[in-house]
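Quick notes on the structure that follows.
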Amino acid sequence: MLRLGFILHLFIGSTLAGSAVIAALVIGQDTLIPILIAAALGFVAAFPVTYVVTKMLYEDG
């Protein structure tokens, strides 16, 4: 389960971090610090999402 979680986190984390960066740019935050904060928040938010997705995949199979 841990290996699948790591692999899923690569994809989910980059997707959420990228979406957060795009959202920060859309609202006009175009300096370095807000972009880094948005990327970090997206990466951290991916941990519970990855856990839920991994758990659902293991329960289904």
Show every donor-acceptor pair shorter than 3.5 Å between a side-chain atom in residues 14-26 and any protein atom, with sequence neighbours excluded, or say none if there are none.
{"from": "S14", "atom 1": "OG", "to": "L10", "atom 2": "O", "distance (Å)": "3.0"}
{"from": "S14", "atom 1": "OG", "to": "F11", "atom 2": "O", "distance (Å)": "3.1"}
{"from": "T15", "atom 1": "OG1", "to": "F11", "atom 2": "O", "distance (Å)": "2.7"}
{"from": "S19", "atom 1": "OG", "to": "T15", "atom 2": "O", "distance (Å)": "2.9"}

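- Under the 4.5 angstrom side-chain criterion for Ile, Leu, Val, Met, Phe, Trp and Tyr, the cluster partners of L36 are L32.
- Criterion: ILVMFWY side-chain heavy atoms under 4.5 Å apart, direct or through other members. Under it, L8 and M1 are part of a common hydrophobic cluster.
- Residues passing the ring pair (Phe, Tyr, Trp, His ring centres under 6.0 Å) test with Y51, sequence neighbours excluded: none.
- Residue pairs meeting the ring-ring contact (aromatic ring centres under 6.0 Å, His included) criterion with at least one partner in residues 13-40, sequence neighbours excluded, are absent.
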Quick one: do L4 and Y58 satisfy side chain to side chain contact (heavy atoms under 4.5 Å, CB included)? Show the steps, please. CA-CA 10 Å; L4 178 63; Y58 265 95; 3.6 Å; yes
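- Taking both residues in full, the closest heavy atoms of A46 and G13 are given as CB-CA, 3.5 Å, listed atom of the first, atom of the second, then distance.
- Cluster membership check: L2 does not share its hydrophobic cluster with L57, using side-chain heavy-atom separations under 4.5 Å among Ile, Leu, Val, Met, Phe, Trp and Tyr.
- For the residue pair Q29 and I35, the shortest heavy atom distance occurs at O-CG1, 3.8 Å.
- F47 belongs to a hydrophobic cluster whose other members, connected by ILVMFWY side-chain contacts under 4.5 Å either directly or through intermediates, are F43.
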